[in-house]
Colleague: 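Structure in structure tokens, see below.
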Number of protein chains: 2
Amino acid sequence: MTKHDPKLSQLFHALADPTRRSIMTRLAETPARVTDLAGPTGLRLPTVMRHLSVLEDAGLITTSKDGRIRTCTIVPEALDPMQTWLDEQRSIWESRLDRFDDYVMKIMKEREK
Amino acid sequence: MTKHDPKLSQLFHALADPTRRSIMTRLAETPARVTDLAGPTGLRLPTVMRHLSVLEDAGLITTSKDGRIRTCTIVPEALDPMQTWLDEQRSIWESRLDRFDDYVMKIMKEREK
DNA sequence: TATATAGTTAGCAACATGACTAAGCATGAT
DNA sequence: ATCATGCTTAGTCATGTTGCTAACTATATA
């Protein structure tokens, strides 16, 4: 399972940048224009544009243009694969603990003899 | 909050690579030697070493050397900040939905007049 | 129509990343 | 002591990422 999974890589990569995470947090509040998003970052517009297209390619936001204004909106479900990966990891880890418990139980029973 | 948060960036970056994720999944099962980890990847040892040090720098694994064998072990708690970030995002998103509900309620009441 | 606003495109520079090979250094087995 | 094993270091190379400026397009607004 999860042979290639480029979608997950894209997701993690998109969120590995603090600027992009702050954009995500801002957009979690409410949709915003490109210029609104650029403001707090202190970065130039083309730079912010690039960050936005990384987020959009990863499916984390959608954008639409009305007149000369582009509005960005988050896509909350886009985070689901990440949560799923986390849960899978935890699940494997926990079954490992279970196996360890089994092992300990076995040893204990051995000693009871 | 989360002004810089380089730890989170490091975490996300470390997990953005499929090789590193597969190593994590493998290590969730049980600790392993460097060579054991290299095998399935088809990559050369120095390359795998680099991946391992990225994971170790991110705090996702620890390693220890016994004789000439280095054993790698996952640090499950290292994923906590990621889960926390996800929860924070969701929380902001949900309170936004609440505010939207409030807004809708307000409109509805306006209409009742 | 002229001007400001909002975004876009192109291209550049600096640095980071992920792969490799070649060579080295301990440790364990013969 | 010699050789194989397991890892480590150093150095190279191609590509990707993040920032910039400059110049452009398209839409308001005066």
Side-chain angles (χ1 to χ4, degrees), chain A residues 2-27 30-73, chain B residues 2-27 30-73:
Chain A
T2 60
K3 289 193 77 169
H4 295 105
D5 218 343
K7 194 167 63 179
L8 210 44
S9 298
Q10 220 180 350
L11 254 178
F12 278 115
H13 168 72
L15 296 173
D17 184 282
T19 299
R20 287 195 289 265
R21 282 200 307 280
S22 74
I23 288 175
M24 285 299 290
T25 303
R26 166 65 187 76
L27 287 178
T30 160
R33 301 181 308 162
V34 175
T35 311
D36 292 341
L37 294 172
T41 66
L43 297 173
R44 300 290 181 175
L45 265 184
T47 307
V48 173
M49 288 288 296
R50 214 173 193 102
H51 282 303
L52 291 177
S53 55
V54 170
L55 289 173
E56 191 166 17
D57 289 349
L60 285 162
I61 67 173
T62 47
T63 74
S64 65
K65 205 168 176 180
D66 180 19
R68 59 183 165 174
I69 290 173
R70 161 145 290 161
T71 302
C72 307
T73 312
Chain B
T2 60
K3 288 194 77 170
H4 295 106
D5 218 341
K7 194 167 62 180
L8 209 44
S9 298
Q10 222 181 349
L11 253 178
F12 279 115
H13 169 73
L15 296 173
D17 185 281
T19 300
R20 287 195 289 265
R21 283 199 307 280
S22 75
I23 288 176
M24 284 299 289
T25 303
R26 166 66 187 75
L27 288 179
T30 160
R33 301 180 308 161
V34 175
T35 311
D36 292 341
L37 294 172
T41 67
L43 298 172
R44 301 289 182 176
L45 265 184
T47 307
V48 173
M49 287 289 296
R50 221 181 184 90
H51 283 304
L52 291 177
S53 54
V54 170
L55 289 173
E56 191 166 18
D57 289 349
L60 284 162
I61 67 173
T62 46
T63 74
S64 64
K65 206 168 177 180
D66 179 21
R68 58 184 165 173
I69 291 174
R70 176 167 302 271
T71 302
C72 307
T73 312

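By convention in this document, chain letters (A, B, ...) are assigned in the order of the sequence lines, proteins followed by strands, and residues within each chain are numbered from 1.
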Colleague: Is a side-chain donor-acceptor pair under 3.5 Å present for B/R70 with B/T63?
Modeller: yes
Colleague: Indicate the atoms forming the closest heavy-atom contact of B/A32 with B/L27, along with that distance.
Modeller: N-CD2, 3.7 Å
Colleague: Using the closest heavy atom to pick a nucleotide of DNA chain D for each, name whichever of B/T71 or A/T19 lands nearer the 5' end.
Modeller: B/T71
Colleague: With nearest nucleotides of DNA chain D determined for A/K65 and B/K65 from heavy-atom distances, which residue corresponds to the more 5′ nucleotide?
Modeller: B/K65
Colleague: May I ask you to test the A/L52-A/V34 pair for a side-chain heavy-atom distance under 4.5 Å?
Modeller: yes
Colleague: Specify the residue among B/R44 and B/R50 whose closest nucleotide of DNA chain C lies further upstream toward the 5′ end.
Modeller: B/R50
Colleague: Side chain of B/D17, backbone of B/R20: donor and acceptor closer than 3.5 Å?
Modeller: yes
Colleague: Less than 4.0 angstrom between a side-chain N/O of B/H51 and OP1 or OP2 of C/dA19, yes or no?
Modeller: yes
Colleague: Once you round it to whole Å, what is the distance between C1' of D/dA10 and CG of B/L45?
Modeller: 16 Å
Colleague: In whole Å, what is the span from the CG atom of B/L43 to the C1' atom of C/dC20?
Modeller: 10 Å
Colleague: Using OP1 and OP2 only, check whether a side-chain N or O of B/H13 sits under 4.0 Å from C/dT17.
Modeller: yes
Colleague: Nearest whole Å is fine: how far is C/dA6 C1' from A/D66 CG?
Modeller: 12 Å
Colleague: Are OP1 or OP2 of C/dT8 and a side-chain N or O of A/R70 less than 4.0 angstrom apart?
Modeller: yes
Colleague: Is the closest side-chain donor-acceptor distance between A/E56 and A/T62 under 3.5 Å?
Modeller: no
Colleague: Check whether any side-chain nitrogen or oxygen of B/R33 sits under 4.0 Å from OP1 or OP2 of D/dG6, and answer yes or no.
Modeller: yes
Colleague: Can you find a side chain N or O atom of B/T47 that sits less than 4.0 Å from OP1 or OP2 on C/dG18?
Modeller: no
Colleague: Grab the CG-C1' distance between B/D17 and C/dG18 for me, whole Å please.
Modeller: 8 Å
Colleague: Expressed in angstrom and rounded to an integer, what is the separation of A/R68 atom CZ from C/dA6 atom C1'?
Modeller: 6 Å
Colleague: Whole Å only: how far is the CE atom of B/M49 from the P atom of D/dT9?
Modeller: 7 Å
Colleague: Quick one: B/I69 CD1 to C/dT27 C1', roughly how many Å, whole number?
Modeller: 10 Å
